[in-house]
Amino acid sequence: MQDERPLDPSRRNFFKSGAAAVTLTLAPGVTVMAFGGTAASAQGADAGKRWGLLIDVNKCSKDCEACVTACKDENGWEGKGKAEQNAQWIRKVTLKDKSTGRESSLPVMCQHCEQPPCVDVCPTGASFKRKDGIVLVDKHICIGCRYCMMACPFKARSFVHEPVNNQKTFAPRGKGTVESCTLCVHRIDAGRIPACVEACDATGNGAMTFGDLNDPESEISKALTAYPSVALRDDLDLNPGVRYANL
Amino acid sequence: MRLILAILLVVNFAISAVAEEHPDYGPEIPSATGEPHPQGNEFMRKFHMDLLSHDRDLTMYEGIRDTDASLKSCFDCHAVTDQATGNPVTYEDERNFCRVCHDYAAVRVDCFMCHRSTPEGFNEPALLKSRLLGPDDGLDDALFTELAAFVANLE
Amino acid sequence: MERTIYREIKATQGVWTLGIILLGLVGLAGLSVLYVEHYGHAVTGMNNQIVWGLPHVFAIFLIVAASGALNVASMASVFNNKAYKPLSRLSGILAISLLVGGLLVLVLDLGRPDRLLIAMTTFNFTSIFTWNVLLYTGFIGVVALYLWVQMDRSVHPKFTKPAGILAFVWRLVLTTGTGSIFGWLVARPGYDAAVMAPLFISMSFALGLAVFILVLMALFAMDGRELGEAILKRMTNLLAIFIAVVLYFTAVQHLTNLYAAEHAGIERFILSQGGIYTTLFWGVQIVIGALLPMALIFGGTPGSVSARAGLASVLVIIGGFAQLYVIVVGGQAYPLDTFPGYEVTSSFFDGEIASYTPSVYELALGVGGVAVALIATGLATKVLRILPTNLADKNLEG
């Protein structure tokens, strides 16, 4: 009976490691076949990378909501209930300097910390950091305790208060579990940029730069070396993957 | 322990033998489109969840997205179309592919609390009120409507 | 001086009536849980700003009171205070019952209570929640062992003290864990303070003893057993000391925050401009929940000792609820300080005081947890030899 079990997670890497077709013989008469796709997409998350965002607050226009709308459309989290209970993966925040009165506007989403408090406090390990630095929720083991929401300094997480259907295939979400910005992980895995960045570029503002923080040649790394930038709540030393310039 | 296993095995065989002789005893499985599974239907019936759980972890933790087993690929071939509307039926409809067997076996499917239950691109209609927890939650909306009305009176 | 004899309580009409009322409350809680799980947390007052609400206030109250209820037993077997010896068994039973009631509320308010098994089997050891799962279940085991050592005549009495010490240390660690749920939250200005752990321990002393006094008085009254004034006086004097300790740690908590300019905002909110939270803090927690019961205990008038003991305990419990409400809900109502030095506005309530109106379902769930704890205690005293037959003054030792 035992040998008949087709797969176990420890075989994961072996099973899907290459681009070629892999055939596994598990028991006499039982064969599982797995077909790899292109080498690039089969590779998946790369531990050598650390994905990040740089947001230039000067270029972010106060009335523009393009990133928020794009995220809603892409990931399908538009809420229809009470405003306080609706999910908000990304939001536009307006800041007014208390001493000078200067106003600025910027988007806030999951900051994809290197030391994420939400991952530390999660009792089941549902809140996790992918090896390329993206912080996600495994909704299969999330019990909906909301401790991560208590622990997040950025209010980046939302609890799904109502039953949901008609989700996007790549953005499953459901009642009783917690969710947040995924940095459009499904797009990153396909070699594309997050929907918010794409939408921001399309408006011509170009306030958002996406890229690999570990690669000194990437656009984002060059910009970070050239201009001053800050992390939100840098007093907490969480080393977020999202940075803000001209704040 | 072995004895129990042996007994279970015999019972299992007996049941499948009966099921084969009387196909009308079992659920009426909707026919699918596309190529049949190379592993065969028996294999898929038994292990589809193992395949799905395995590949979902690959996708979620490793970012490998061109896996064989995914709910999306299930519905590529296994969507059941409503003849009247021409639309695929959601998990709320008892004709849904997953439900046909799962209702029969009385095994609750948890997938569709978070995942869509129709092929990508189809706009699923709003949830029916009485089916919020899934069609098999056994909870009657009327009870709750009354309860809510009672509470509203109190407040 | 009689020998202490433990006997089951009789099934009087009063016991039956109370039992049926409590079962009714449990039933209402069950309905509420089904309702909330059916429609989602959308039907509760909780939201994405106030993520923990009234159920958590009830749950934490019960869990904190559970560890405190064990103190009576600790007084006897750890600190050799013989007067408390006849009360040790009830102390242990009440501790387990309150904890079970609290955990039930906590678990049934989860977004996915059907995944309890995952919470019990999938651990992340950097989470204080995970440690609490182990500490809470361990507590039940350790207290059960402690009760067994006390109640089984074949076990030599010399084991009582080590078992008592183990249970006492465990409960201190447990309450430290509960306080650290808040104390270790670096993100929020209302929490993130080491003093949360000792504050919660002091609260457990006061709340646990107050609940114990009330339960003891109710059980003795229902069964017509004699409860002397001397033991009540001892317990209320101890309660007054515990109230003072809670006041001390509360003062330390707020004074420390007041000293740091960055925390001035949250302190101004809680202490002076927080509306309901300010009222609850000064009016209920400090005046009704601390000063008034201390005056009742030390003032010596009016009414009988037992009337004052009962009233003081009720007031301490009300004050404890207010204190936890201010900590849990008030701490979340004050906005996160993500952008120091800026006025913040957004479509997601950044920079705003969050509003929360608990729904009747949350209340029913919390009350149901209390009812479960009381039923369990009552049932235990009905079927096991928990309660001493006579606690009259002449029977008091030490």
Side-chain angles (χ1 to χ4, degrees), chain A residues 1 4-9 11-13 15-17 19 23 26 29-38 40-47 76 80 128 130-132 134 136-140 142 160 162-177 179 185-186 188-190, chain B residues 5 8-9 12 37-40 42-44 46-76 90-92 110-129 131-134 137:
Chain A
M1 293 273 287
E4 248 193 289
R5 283 188 72 79
L7 314 151
D8 74 76
R11 292 189 186 158
R12 179 191 289 172
N13 293 327
F15 189 52
K16 252 311 182 175
S17 54
T23 307
L26 298 151
V30 181
T31 311
V32 178
M33 277 176 280
F35 299 95
T38 62
S41 66
Q43 224 170 12
D46 182 347
K80 296 175 186 72
F128 71 100
R130 223 168 72 139
K131 51 190 172 187
D132 54 3
I134 302 176
L136 297 169
V137 182
D138 179 352
K139 292 177 184 95
H140 304 102
C142 172
V160 183
E162 68 290 321
V164 191
N165 75 338
N166 203 25
Q167 300 90 335
K168 303 288 169 158
T169 311
F170 41 77
R173 55 190 299 266
K175 184 189 74 182
T177 55
E179 59 185 12
V185 64
H186 58 283
I188 291 175
D189 287 339
Chain B
L5 278 179
L8 283 178
L9 210 61
N12 193 10
H37 291 286
Q39 301 94 326
E42 274 313 310
F43 178 87
M44 290 310 287
K46 214 166 181 177
F47 294 118
H48 62 280
M49 199 56 223
D50 297 84
L51 296 166
L52 282 169
S53 319
H54 174 270
D55 283 9
R56 77 152 199 232
D57 286 351
L58 274 185
T59 304
M60 198 172 43
Y61 291 107
E62 310 289 332
I64 296 168
R65 291 189 180 259
D66 62 334
T67 55
D68 307 309
S70 67
L71 287 173
K72 178 180 173 294
S73 53
C74 292
F75 289 120
D76 284 346
T90 67
Y91 188 72
E92 287 191 282
D110 199 23
C111 307
F112 306 112
M113 290 280 282
C114 290
H115 288 276
R116 60 183 296 118
S117 58
T118 55
E120 202 175 16
F122 170 64
N123 201 12
E124 293 182 353
L127 286 165
L128 299 170
K129 275 254 158 156
R131 294 279 167 81
L132 295 181
L133 254 190
D137 78 351

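Chain letters run A, B, ... following the sequence lines, proteins first, then strands; residues in each count from 1.
Highest contact tally toward chain B, considering only A/His186, A/Lys168, A/Lys139, A/Glu162, is held by A/His186 [criterion: heavy-atom pairs under 4.5 Å]. When A/Val164, A/Asn166, A/Leu136, A/Val185 are compared by the number of non-hydrogen pairs under 4.5 Å with chain B, A/Asn166 comes out ahead.
Residues B/Cys114 and A/Thr177 share a closest heavy-atom pair of SG-OG1, 4.3 Å. Shortest non-hydrogen contact noted between B/Tyr61 and A/Asp138 is OH-OD2, 2.6 Å. Of all heavy-atom pairs spanning B/Thr59 and A/Arg130, the tightest one is O-NH1, 4.4 Å. For the residue pair A/Gln167 and B/Met113, the shortest heavy atom distance occurs at NE2-O, 3.7 Å.
In this structure, chain A has a heavy atom under 4.5 Å from the backbone of B/Pro125, while its side chain stays farther away. Heavy-atom distances place the backbone of B/Phe122, and not its side chain, under 4.5 Å from chain A.
With sequence neighbours excluded, no residue forms a salt bridge (Lys or Arg N to Asp or Glu O under 4.0 Å) with B/Asp76. In this structure, the side chain to side chain contact (heavy atoms under 4.5 Å, CB included) partners of A/Thr169, at least two apart in sequence or on a different chain, are B/Lys72, B/Arg116, B/Glu120.
Using a 3.5 Å distance cut-off with no hydrogens or angles, the side chains of A/Asn165 and B/Tyr91 do not pair a donor with an acceptor.
Taking CG of A/Asp132 as the start and CD of B/Glu62 as the end, the distance is 10.0 Å to the nearest 0.5 Å.
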